[in-house]
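Remarks on the structure that follows.
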Amino acid sequence: MPEQLKNNRLIKALLREPVDMTPVWIMRQAGRYLPEYRETRKKAGDFVTLCQTPELACEVTMQPLHRYPLDAAIIFSDILTIPDAMGLGLKLVESVGPRFERSITNSNDIKNLPLPDPEQELKYVMDSIRLVRRELNGDVPLIGFSGSPWTLATYMIEGGSSREFSKVKGMLEAEPASLHLLLKHLSDSITLYLKAQINAGAQAIMIFDTWGGILKTPNYMNFSLYYMKIICEHLKNEHSEVKVPVILFTKGADKWIEKIVEADCDAISIDWNSNIGQVRERIGKRVAIQGNMEPRILKESEKKIVDEVESILRSYGSGSGHVFNLGHGITPDIEPDKVGILVDAVHNLSRQYHKTK
Ligand code: 1CP
C-alpha cells in the first residue's frame with residue numbers, strides 16, 4: 001500500500017499532493033539500451049518467452065532500479081499480451097517488430113475472439129507483478145499497464161506493426177460496426193486485465209494509446225477516447241483503501257488534451273510536441289501531467305540534457321502534479337549513463353519548485 005511505500009513520490013504527484021521533488025521514471029526503462037537486459041533476453045531465448053517467464057520478467061523489471069534512483073518500477077511485459085492471449089500468436093521478428101501469426105480480417109474473426117481470463121491465459125503477467133512487488137519490498141510503487149483498445153486493434157487488424165495503417169483505416173471506413181465490436185470486446189478484456197493487475201499488486205496504471213494520434217478528430221473521439229473513458233470509469237473504484245491512479249497516454253494528442261482530461265483519469269502523459277506549461281494552463285487543476293522530454297535529447301551532451309530537464313521543470317513551474325518522463329519510449333541507441341544524468345538532474349533541479357512556504 002502506498003502509505004507503506006518508502007518512496008511514494010509518484011503516487012502523490014499523480015494525485016497532485018505535495019512532494020519534496022519531482023518524481024521521474026522512463027518509458028521503456030527496462031529495455032534494449034541496457035546491456036544486462038540484452039543478456040537476460042539472450043538467456044530467455046526470445047522476447048515472448050522473456051515476457052512469459054515471471055522470474056526473468058521480474059529480473060529485467062528490476063534492472064533499471066539497480067542502476068538509477070527511479071521513483072517507479074513498471075512491470076516488464078508488452079501491450080500485445082492480450083491479442084496473444086486471444087489466440088493470435090505473438091512473435092517478435094528481429095528488425096521488423098511484433099508480428100501475429102493470425103490477424104483479424106472480418107466480423108466473424110471478431111465474434112470468435114475469446115475473452116481471456118487474466119488469472120489463466122495471462123497468469124504469467126499477474127505472477128510477474130506478484131514477484132516484483134515482493135522484490136521491491138515497498139521501495140517504490142509498481143506501475144501496471146495495457147494498450148488502449150484502438151492501439152491493440154491496429155496491431156490485430158494489421159497483423160503487427162504498421163506504417164500506413166491501411167487495413168484498420170479501411171475497416172473504420174467500410175465496416176465501422178465491426179470495428180466497434182472489436183473495440184468493445186477489447187475494452188472488456190482490458191478492464192478485466194487491469195483490474196487483475198491491481199489485485200495482483202499494481203499501484204498505478206498506464207494506458208498506452210500509441211496510435212490514437214493517426215486518427216482524425218471525430219474518429220479519435222469515437223474509436224479511441226470513448227473506449228479509454230469506459231475503462232477509466234470501470235477502474236475508478238478498483239482499489240481497497242488506497243487509490244490506484246490511472247495515466248492516459250495518447251501520442252500526438254496535443255489538440256485533444258481538453259477532451260482527454262474529461263475521461264475519468266488521474267493523469268495524462270504528453271509527448272514533446274506539447275508545451276508542458278501551456279498544457280498545465282489549459283487543463284487547470286483537473287489532472288496531473290507526465291512528460292515530456294524528447295527521447296532524442298538523451299543522445300546529446302550532459303549539459304544539453306540538464307538544460308532540457310531544467311527547461312521542462314521551469315515550464316511546468318511550482319507545485320505538485322508533474323511526473324517527469326520522456327514523451328515516448330527510450331530508444332536502444334542510448335548510452336545508459338545518460339539516463340543517470342537525467343534522473344539526477346530531475347531530482348536536484350526540481351526541489352526549488354516544491355518548497356512549502
Ligand atoms: O528485446 C526486444 O527487442 C524487445 C523490445 C520490446 C520491449 C523492451 C518490446 C517489443 N516490448 C518491450 C517492453 C515494453 N513494451 C514495455 C516494458 C516496460 C517498460 O520498461 O517500459 C512497455 C510498457 C511496452 C509497451 C508497448 N509495446 C507499446 C506502448 C508504448 C510505446 O512505446 O508506444 C507498444 C506500441 C508496444 C508494441 C511493441 N512491442 C515491442 C515493440 C518493439 C513494439 C513497438 C512496435 C511498433 O512500433 O509498432
Side-chain angles (χ1 to χ4, degrees), residues 30 40-41 44-62 73-92 98-104 107-136 142-157 159-160 181-208 227-228 230-240 244 246:
T40 312
R41 192 189 140 158
D46 63 86
F47 172 72
V48 175
T49 309
L50 176 55
C51 288
Q52 294 181 347
T53 312
E55 291 72 24
L56 297 180
C58 174
E59 187 179 305
V60 293
T61 301
M62 298 301 295
I74 177 161
I75 193 67
F76 187 82
S77 181
D78 197 77
I79 62 165
L80 302 175
T81 50
I82 286 186
D84 184 57
M86 289 180 175
L88 266 54
L90 173 65
K91 286 208 166 60
L92 189 70
R99 298 298 313 165
F100 288 118
E101 283 162 19
R102 289 164 287 280
S103 62
I104 300 294
S107 61
N108 256 348
D109 293 341
I110 296 166
K111 284 177 194 140
N112 290 328
L113 281 173
L115 189 68
D117 178 342
E119 285 290 357
Q120 295 288 328
E121 295 92 322
L122 291 160
K123 184 170 179 288
Y124 64 90
V125 178
M126 307 310 147
D127 286 343
S128 300
I129 290 175
R130 287 186 274 260
L131 214 53
V132 171
R133 274 297 302 270
R134 222 177 314 150
E135 195 73 20
L136 282 170
L142 175 62
I143 303 169
F145 70 90
S146 166
S148 71
W150 164 256
T151 289
L152 293 187
T154 67
Y155 284 97
M156 294 169 80
I157 293 166
L181 204 64
L182 175 59
L183 293 167
K184 164 80 173 65
H185 186 71
L186 282 167
S187 303
D188 292 345
S189 182
I190 291 165
T191 300
L192 286 175
Y193 184 52
L194 291 177
K195 284 187 174 186
Q197 289 191 31
I198 292 169
N199 290 322
Q203 291 150 301
I205 292 292
M206 178 145 166
I207 299 177
F208 289 93
Y227 292 98
M228 291 198 285
I230 290 179
I231 296 169
C232 287
E233 280 163 11
H234 282 119
L235 292 181
K236 209 156 83 180
N237 299 314
E238 193 63 19
H239 46 82
S240 44
V244 177
V246 178

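Because the structure is a prediction, the values reported are computed rather than measured.
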Open item on the list: So, taking the atom named CG in Leu182 and the one named NZ in Lys111, what distance separates them when rounded to the nearest 0.5 Å?
Closed with: 12.5 Å

Task: Criterion side chain to side chain contact (heavy atoms under 4.5 Å, CB included) on Phe47 and Gln52, from CA distance to verdict - done: CA-CA 9 Å; Phe47 172 72; Gln52 294 181 347; over 6 Å; no

Open item on the list: Tell me if a side-chain donor or acceptor on Glu101 pairs with a main-chain N or O of Leu90 at a distance below 3.5 Å.
Closed with: no

TODO: Measure the shortest side-chain to side-chain distance between Glu135 and Glu59 over non-hydrogen atoms and say whether it is less than 4.5 angstrom.
DONE: no

- [ ] Output every pair passing salt bridge (Lys or Arg N to Asp or Glu O under 4.0 Å) with a member in residues 186-195, not counting sequence neighbours, ordered by first then second residue.
- [x] Lys184-Asp188, Lys195-Glu238

- [ ] Over all heavy atoms of both residues, which pair between Pro149 and Tyr227 is shortest? Give the atoms and the distance, please.
- [x] CG-CB, 3.7 Å

- [ ] Give the minimum heavy-atom separation between Ser103 and Ile157, together with the two atoms involved.
- [x] CB-O, 4.1 Å

Task: Verdict with reasoning, Glu119 to Arg130, per salt bridge (Lys or Arg N to Asp or Glu O under 4.0 Å) - done: CA-CA 12 Å; Glu119 285 290 357; Arg130 287 186 274 260; 3.0 Å; yes

Task: Test side-chain hydrogen bond (donor to acceptor under 3.5 Å, both in side chains) applied to Thr151 and Ser148, step by step - done: CA-CA 5 Å; Thr151 289; Ser148 71; 3.3 Å; yes

TODO: Kindly determine whether Ile74 and Thr61 satisfy side chain to side chain contact (heavy atoms under 4.5 Å, CB included), including the steps that lead there.
DONE: CA-CA 7 Å; Ile74 177 161; Thr61 301; over 6 Å; no

Open item on the list: For a 4.5 angstrom cut-off between non-hydrogen side-chain atoms, does Val48 reach Lys91?
Closed with: no

Task: Minimal non-hydrogen separation, Gly147 against Ile79, with atom names - done: N-CG2, 3.5 Å

Open item on the list: Is the shortest side-chain heavy-atom distance between Leu92 and Asp46 below 4.5 Å?
Closed with: no

Open item on the list: I need the Thr40 OG1 to Met62 CE distance, nearest 0.5 Å.
Closed with: 13.0 Å

- [ ] Ignoring hydrogens and angles, tell me if any N or O in the side chain of Gln203 forms a donor-acceptor pair with the backbone of Leu142 under 3.5 Å.
- [x] yes

Task: Min side-chain heavy-atom separation His185-Leu115 under 4.5 Å - done: yes

Open item on the list: Could you walk me through whether Leu80 and Leu152 satisfy the side chain to side chain contact (heavy atoms under 4.5 Å, CB included) test, starting with their C-alpha distance in whole Å, then the side-chain angles of each, then the deciding distance to 0.1 Å, before giving a yes or no?
Closed with: CA-CA 7 Å; Leu80 302 175; Leu152 293 187; 4.1 Å; yes

Task: pair Trp150-Leu186: side-chain heavy atoms closer than 4.5 Å - done: no

Task: Closest heavy-atom pair and its distance - Tyr193, Ser146 - done: CD2-CB, 4.2 Å

Open item on the list: Show the nearest heavy-atom pair for residues Ile75 and Gly144, with the distance to one decimal.
Closed with: CG2-CA, 4.1 Å

Task: Test log, rule side chain to side chain contact (heavy atoms under 4.5 Å, CB included), inputs Phe76 and Leu50 - done: CA-CA 9 Å; Phe76 187 82; Leu50 176 55; 3.9 Å; yes

- [ ] Measure the CD-CG distance between Gln197 and Leu192 for me, rounded to the nearest 0.5 Å.
- [x] 11.5 Å

Task: Spacing of Ile104 atom CD1 and Asp109 atom CG [to the nearest 0.5 Å] - done: 5.0 Å

TODO: Look at the side chain of Asp127 and the backbone N and O of Pro54, then say whether any donor-acceptor pair between them is shorter than 3.5 Å.
DONE: no

Task: Student check: side-chain heavy atoms of Ser128 and Cys58 closer than 4.5 Å - done: no

- [ ] First locate atom CD1 of Ile198, then atom CE of Met126, and finally report the distance between them rounded to the nearest 0.5 Å.
- [x] 10.5 Å

Open item on the list: I need the minimum non-hydrogen distance between Ala202 and Ile129, along with the two atoms involved.
Closed with: N-CG2, 3.8 Å

Open item on the list: Side chains of Met156 and Leu113, heavy atoms from C-beta outward: is any pair under 4.5 Å?
Closed with: yes

Open item on the list: For the CG atom of Leu235 and the CD1 atom of Ile205, what is their distance to the nearest 0.5 Å?
Closed with: 6.5 Å

TODO: Take Ser77 and Tyr124 through the side-chain hydrogen bond (donor to acceptor under 3.5 Å, both in side chains) test and state the conclusion after the steps.
DONE: CA-CA 10 Å; Ser77 181; Tyr124 64 90; 5.8 Å; no

TODO: Evaluate the side-chain proximity of Met206 to Phe208: yes if any heavy-atom separation is below 4.5 Å, no if none is.
DONE: yes

